[in-house]
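Below is one structure; the comments refer to it alone.
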Amino acid sequence: MRKPFFGMVLASVASIGATSVIAAGDPIAIRQSIMQSVGAAAGLGGGMMKGEIAYTPAAGKAVIAAMDASAHSFGSFFPAGTDTGDTTASPKIWEDAAGFEAALAKFAGASGAAMAASGKNGPADVDAFKAAMGPVFGNCKACHQDFRVKK
Ligand code: HEC
């Protein structure tokens with residue numbers, strides 16, 4: 001009686017494993033999920049800057065750390081051949097690789113400086129958070145204009 005039940009559990013565990021293996025091998029999906037985390041962090045950070053969400057140093061630090069991790073990992077998921085498919089990455093990323101590298105370095109430089117400024121516990125108040133995050137936010141539109149296509 002129990003055997004079929006166990007078989008079903010094992011089958012679902014196996015299929016969860018298979019799904020993550022496929023995701024791990026899909027650079028387009030990975031870089032988009034990194035940008036979704038950037039977008040979510042920007043939503044929280046922007047909300048706190050506008051006073052729509054109560055500021056706390058821990059939340060400020062979480063926003064900055066998410067930006068910094070993303071800025072340092074995003075560039076690793078643009079192998080040749082991933083300019084087509086379900087992506088809004090512009091062909092310019094591969095045509096002007098040095099320009100894209102420079103935009104990534106600028107983003108990572110700003111997020112790294114924000115990390116350094118935020119200390120162990122995060123920026124003490126919302127003004128310190130704004131000062132740290134301003135240069136990070138300055139990168140979104142610039143890079144999207146140069147290296148993203150509208151679909
Ligand atoms: C160095 C370049 C660069 C910077 C800086 C950058 N982005 Fe992006 N972003 C991209 C590219 C390229 C894509 C398209 C990825 C794809 O579709 O393969 C993208 C896609 C996105 C997406 C859509 C993700 C999806 O689900 O397809 C969001 C949201 C986003 N970016 C938010 C932001 C925000 C907010 C910032 C600033 C804090 C930012 N980005 C900074 C290059 C950048």
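Quantities reported herein were computed from a predicted structural model and do not represent experimental measurements. Computation of the quantities below employed the complete heavy-atom set of this structure, encompassing side-chain atoms and omitting hydrogens, waters and symmetry-equivalent molecules. Atoms within each ligand, like the ligands themselves, are counted from 1 in listed order.
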Given that the side chain starts at C-beta and the backbone is N, CA, C, O, which of these parts of I93 lies under 4.0 Å from ligand 1, counting heavy atoms, or is it both or neither?
->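 Under 4.0 Å from ligand 1, I93 contributes side-chain atoms alone.
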Could you see which bit of K106 sits under 4.0 Å from ligand 1, with heavy atoms only: side chain, backbone, both or neither?
->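 The answer is neither; K106 stays 4.0 Å or more away.
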Can a donor-acceptor pair be found, under 3.5 Å and without considering hydrogens, that links the side chain of [X] to the backbone of [Y]?
| X | Y | result |
| --- | --- | --- |
| S33 | I30 | yes |
| S90 | I93 | no |
| Q32 | D86 | yes |
| D146 | C143 | no |

As an exercise, identify every atom of ligand 1 less than 4.0 angstrom from a heavy atom of [X].
| X | value |
| --- | --- |
| F147 | 12 (C) |
| Q36 | 25 (C), 26 (O) |
| R31 | 16 (C), 18 (O) |
| F107 | 5 (C) |
| T87 | 16 (C), 17 (O), 18 (O) |
| A42 | 35 (C) |

Counting both backbone and side chain atoms, is some N or O of Q32 under 3.5 Å from an N or O of ligand 1?
-> yes
Given I64 and F129, is the side-chain contact (heavy atoms from CB on, under 4.5 Å) satisfied, shown in steps?
-> CA-CA 9 Å; I64 291 170; F129 178 70; 4.0 Å; yes
Verify side-chain contact (heavy atoms from CB on, under 4.5 Å) between K92 and V149, making sure each step is shown before the conclusion.
-> CA-CA 9 Å; K92 259 195 78 187; V149 290; over 6 Å; no
Is there a side-chain contact between F147 and D96, using heavy atoms and a 4.5 Å cut-off?
->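 Yes, their side chains come closer than 4.5 Å.
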Starting from atom 14 (C) of ligand 1, find the nearest protein heavy-atom neighbour and note its residue, name and distance.
-> T88 OG1, 3.3 Å
May I ask you to check whether R148 and T88 show a side-chain donor-acceptor distance below 3.5 Å?
->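 Present: a donor and an acceptor within the cut-off.
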Name all pairs fulfilling the side-chain hydrogen bond (donor to acceptor under 3.5 Å, both in side chains) condition that reach into residues 59-77, sequence neighbours left out, sorted by first residue then second.
-> D68-H72, D68-S111
Step through it carefully: locate the ring centre of F100, locate the ring centre of F78, and say whether they are under 6.0 Å apart.
-> yes
Heavy atom of M67 under 4.0 Å from ligand 1?
->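 The answer is yes, since M67 has a heavy atom less than 4.0 Å from ligand 1.
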Residue and atom, protein N/O/S, under 2.8 Å of atom 8 (Fe) of ligand 1 =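 Metal shell, protein only: M35 SD, H144 NE2.
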Give a yes or no on this: more than 12 heavy atoms of other residues, nucleotides or ligands lie within 6.0 Å of atom NZ of K120.
->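 It does not: K120 NZ has 12 such atoms or fewer within range.
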